[in-house]
Enquirer: 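Before I ask anything, let me first share the structure, which is written out below as structure tokens.
Count residues from 1 along the sequence. Scope of the values below: all heavy atoms of this structure, side chains included, with no hydrogens, waters or symmetry mates. Every value quoted in this text rests on a predicted model; they were computed, and no experiment measured them.
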Amino acid sequence: QVQLVESGGGLVQAGGSLRLSCAASGRTFSTYAMGWFRQAPGKEREIVAAISWRGGLTNCADSVKGRFTISRDNAKNTVYLQMSSLKPEDTAVYYCSAGNYYKTTPNKYIYWGQGTQVTVSS
């Protein structure tokens, strides 16, 4: 069992930056691939970024490439999402997730956090 708690969301102006953190409980964190997803009102949940269990592989959605970076610190049981050059269309609830495989689809992930709101004003 893994429990995930996101933090770092908030209100920011377009062009600004935020860093989301996701703290995981349990001693098996380093064995899971991790993903960040987001869901805007009326839209489906979509992948933002994923990282393999050791951090050697990362992938970002085309819409955020060059602006967002995913990373993890297995010693701290934490995964991060550094977001820069934020746009109003990045506004969504951001979710952290853990899964057994390095994938980009939500149904491949087992554990989910409660989400953190990111709002980007124009």
Enquirer: Which value, rounded to the nearest 0.5 Å, describes the distance between R19 atom CZ and S7 atom OG?
Expert: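 Rounded to the nearest 0.5 Å, the CZ-OG separation comes to 9.0 Å.
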Enquirer: Mind checking whether F37 and Y109 have parallel, tilted or perpendicular rings, split at 30° and 60°?
Expert: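 Perpendicular, since the angle between the ring planes exceeds 60°.
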Enquirer: Would you mind reporting whether Y80 and T69 have side-chain heavy atoms less than 4.5 Å apart?
Expert: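 T69 vs Y80: side chains apart.
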Enquirer: Whether the E89 and T91 side chains hold a donor-acceptor pair (N or O, under 3.5 Å, no angle test) is what I'd like checked.
Expert: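 Absent: no donor and acceptor within the cut-off.
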Enquirer: I'd like to check Y94 versus E6 (side-chain heavy atoms, cut-off strictly below 4.5 Å). Are they in contact?
Expert: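 Of all side-chain heavy-atom pairs linking E6 with Y94, none is under 4.5 Å.
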Enquirer: Evaluate the side-chain contact (heavy atoms from CB on, under 4.5 Å) criterion for residues D90 and F68: first the C-alpha distance (whole Å), next the side-chain angles of each, then the deciding distance (0.1 Å), finally the verdict.
Expert: CA-CA 11 Å; D90 294 318; F68 291 12; 3.9 Å; yes
Enquirer: Looking at every heavy atom in both N77 and S25, which two are closest together, and how far apart are they?
Expert: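 So the minimum-distance heavy-atom pair works out to ND2-C, 4.4 Å.
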Enquirer: Just do the side-chain contact (heavy atoms from CB on, under 4.5 Å) check on V118 and L20 with the steps written out, would you?
Expert: CA-CA 9 Å; V118 171; L20 304 184; 4.1 Å; yes
Enquirer: Given V79 and W36, is the side-chain contact (heavy atoms from CB on, under 4.5 Å) satisfied, shown in steps?
Expert: CA-CA 9 Å; V79 62; W36 284 100; 3.9 Å; yes
Enquirer: Do C96 and M34 touch side chain to side chain, with heavy atoms closer than 4.5 Å?
Expert: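 Yes; the side chains approach each other to less than 4.5 Å.
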Enquirer: Can you confirm whether R38 sits close enough to E46 that some side-chain heavy atom of one is under 4.5 Å from a side-chain heavy atom of the other?
Expert: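 In contact.
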Enquirer: Taking C-beta and beyond as the side chain, do V93 and R45 meet within less than 4.5 Å on heavy atoms?
Expert: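 Side-chain contact under 4.5 Å: no.
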Enquirer: Is the shortest side-chain heavy-atom distance between Y95 and V48 below 4.5 Å?
Expert: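 No - every pair of side-chain heavy atoms lies 4.5 Å or more apart.
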Enquirer: Can you name the closest pair of heavy atoms from I47 and A61 and give their distance?
Expert: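 Closest pair (atom of I47, atom of A61, distance): O-CB, 3.5 Å.
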Enquirer: Check whether any side-chain heavy atom of L57 sits under 4.5 Å from a side-chain heavy atom of I51, and report yes or no.
Expert: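 Answer no - side chains too far apart.
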Enquirer: Taking 4.0 angstrom as the limit, do D62 and K65 come out as a salt bridge?
Expert: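 The answer is yes: the pair qualifies as a salt bridge.
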Enquirer: List the atom of A40, the atom of A92, and the distance in Å for their closest heavy-atom pair.
Expert: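 Where A40 meets A92 most closely, the heavy atoms are N-CB, 3.9 Å.
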Enquirer: Keeping T78 on the side-chain end and A23 on the backbone end, is there a donor-acceptor pair under 3.5 Å?
Expert: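 Not a single qualifying donor-acceptor pair exists.
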Enquirer: Give the minimum heavy-atom separation between A49 and C60, together with the two atoms involved.
Expert: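 Nearest heavy atoms, A49 then C60: CB-SG, 3.8 Å.
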Enquirer: Minimum heavy-atom separation for F29 to D73, with atom names?
Expert: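 Between these two residues, the closest heavy atoms are CE2-O, 4.1 Å.
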Enquirer: Should the pair R72 and Y32 be classed as cation-pi, given the thresholds of under 6.0 Å to the six-membered ring centre and 45° from the axis?
Expert: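 No.
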Enquirer: Can you find a heavy atom in the side chain of V12 that is under 4.5 Å from one in the side chain of T119?
Expert: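 Answer no - side chains too far apart.
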Enquirer: Atom CG in N100, atom OG1 in T31: separation rounded to 0.5 Å?
Expert: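 So the gap between those two atoms works out to 7.5 Å.
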Enquirer: Would you name the heavy atoms of S17 and Q82 that are closest together and state the gap between them?
Expert: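 Distance-wise, the nearest heavy atoms are CB-NE2, 4.1 Å.
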Enquirer: Are L18 and V120 grouped together when hydrophobic residues (ILVMFWY) are joined by side-chain heavy atoms under 4.5 angstrom apart?
Expert: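 Yes, one cluster joins them.
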Enquirer: Is W112 reachable from Y102 through a run of I, L, V, M, F, W or Y residues, each pair having side-chain heavy atoms under 4.5 Å apart?
Expert: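 No.
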Enquirer: Should the heavy atoms of other residues, nucleotides or ligands under 6.0 Å from CD of Q3 be counted, would the total exceed 12?
Expert: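 It does not: Q3 CD has 12 such atoms or fewer within range.
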